[in-house]
Number of protein chains: 2
Amino acid sequence: MFKIYSKGCEHVLSALSTIPIKEYENNFLAQELCKKAGVSETSTRKGLQLLVHAGILDAVPGPGGGYKFTSHPDNISLLEIIQSVDGQDVFERCIMGLPNCNHHAPCPVHDTWKKVKSELIRELQQKSLGKIMQTAQRRKK
Amino acid sequence: MFKIYSKGCEHVLSALSTIPIKEYENNFLAQELCKKAGVSETSTRKGLQLLVHAGILDAVPGPGGGYKFTSHPDNISLLEIIQSVDGQDVFERCIMGLPNCNHHAPCPVHDTWKKVKSELIRELQQKSLGKIMQTAQRRKK
DNA sequence: TTAATTATGGACAATTATATCCACAATACA
DNA sequence: TGTATTGTGGATATAATTGTCCATAATTAA
């Protein structure tokens with residue numbers, strides 16, 4: 001079945017979208033976010049951990065800790081988030097699953113996918129987490 | 001994880017791609033195709049059945065039977081095949097999984113996805129099974 | 001009419017993706 | 001120092017997807 005990113009990535013986006021964009025500099029707690037977003041906490045934490053590994057978030061253990069952004073959400077692209085959670089090469093793999101699919105030995109849908117992929121990646125790169133958070137806030141009202 | 005269509009759909013494409021385009025009018029056997037393509041027969045049959053339901057293939061049981069195309073593969077689009085196997089609405093569902101995502105209450109990536117989707121669908125519509133079969137034949141050599 | 005061939009589709013099994021649990025590490029504060 | 005808080009990450013459990021099996025129906029030919 002068609003999908004752009006994993007459930008884990010979806011949860012992370014939902015969770016982060018509950019943060020008011022103006023409070024981007026504050027710490028936030030996984031528990032709190034997940035409760036607000038209505039997503040499984042333990043599962044979403046896995047995704048947040050991956051964002052820490054990727055350097056998008058800092059994790060601060062202990063009381064008063066939590067997570068915080070390492071830069072402004074406007075400077076974090078949706079593409080970065082997807083690649084951090086689902087793997088850097090998610091969009092590189094052959095969509096027919098052929099192990100040696102490339103320009104010289106393309107799979108039957110190689111060119112079709114190539115065209116669409118560049119458009120998709122451009123859009124995912126242009127879309128910032130900040131924008132996503134803003135849209136989510138508007139939607140809530 | 002990112003993917004455009006299911007494994008079942010992938011197998012069907014691989015299996016049908018083993019048919020030389022010039023022999024499109026002949027019957028073909030599931031067993032034979034799957035063996036050539038190196039895909040699981042029982043699993044691929046499920047996909048072929050769905051193509052029969054969709055009217056893309058005719059199923060002829062009994063000796064000398066098998067499947068046959070109801071029209072020239074050049075007139076069957078990749079989109080039709082995907083929708084027949086994975087469901088007519090695969091590309092309609094909200095990619096964030098929101099149940100009431102629409103133009104008036106868009107999910108945070110609604111507009112991004114809308115742009116890319118129309119491009120993707122156009123390409124999948126333009127790409128014919130016949131072309132895919134041809135590419136696969138070329139690749140084999 | 002019987003036997004052989006081929007597709008069908010429901011039931012079950014295996015695999016993969018998601019979700020949960022739990023012992024632990026790090027930090028803050030009393 | 002000790003206790004509470006918060007994130008970590010490996011192990012396990014559940015759910016979804018994919019793959020297999022098998023009894024059956026349809027057709028052909030002997």
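The sequence lines fix the lettering, A, B, ..., with proteins before strands; numbering per chain opens at 1.
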Please determine whether a side-chain nitrogen or oxygen atom of [X] lies at a distance below 4.0 Å from atom OP1 or OP2 of [N].
X	N	value
A:Q49	D:dG9	yes
B:R45	C:dA7	yes
A:H11	C:dA19	yes
A:K68	D:dG7	no

Taking NZ, NE, NH1 and NH2 as the nitrogens, is one of them in [X] or [Y] under 4.0 Å from a carboxylate oxygen of the other?
X	Y	answer
A:E41	A:R45	yes
B:E119	B:R122	yes
A:D89	A:R93	yes

Would you please name every residue forming a salt bridge (Lys or Arg N to Asp or Glu O under 4.0 Å) with A:K131, sequence neighbours left out?
->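 In terms of salt bridge (Lys or Arg N to Asp or Glu O under 4.0 Å), with neighbours along the sequence ignored, A:K131 is linked to no residue.
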Side-chain-base donor-acceptor pair under 3.5 Å for A:K46 and D:dG7 =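 Absent.
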Mind calculating the distance between CD (A:E41) and C1' (D:dT5) to the nearest angstrom?
->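 Rounding to the nearest Å, CD of A:E41 and C1' of D:dT5 are 13 Å apart.
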Using atom OH of B:Y67 as one end and atom P of C:dA7 as the other, report the distance to the nearest whole Å.
->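 It is 5 Å, rounded to the nearest whole Å.
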Is the gap between the ring centers of B:F2 and A:Y5 under 6.0 Å?
->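 No - the distance between ring centres of B:F2 and A:Y5 does not fall below the 6.0 Å cut-off.
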Please work out which residues in residues 19-34 of chain A have a non-hydrogen atom less than 4.0 Å from an atom of DNA chain C and list them by number.
->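 When residues 19-34 of chain A is checked for heavy atoms under 4.0 Å from DNA chain C, there are no hits whatsoever.
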Tell me what B:S40 touches on the nucleic acid: a base, only sugar-phosphate, or nothing, going by heavy atoms under 4.0 Å.
->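 Sugar-phosphate contact only - B:S40 comes under 4.0 Å of backbone atoms but never of a base.
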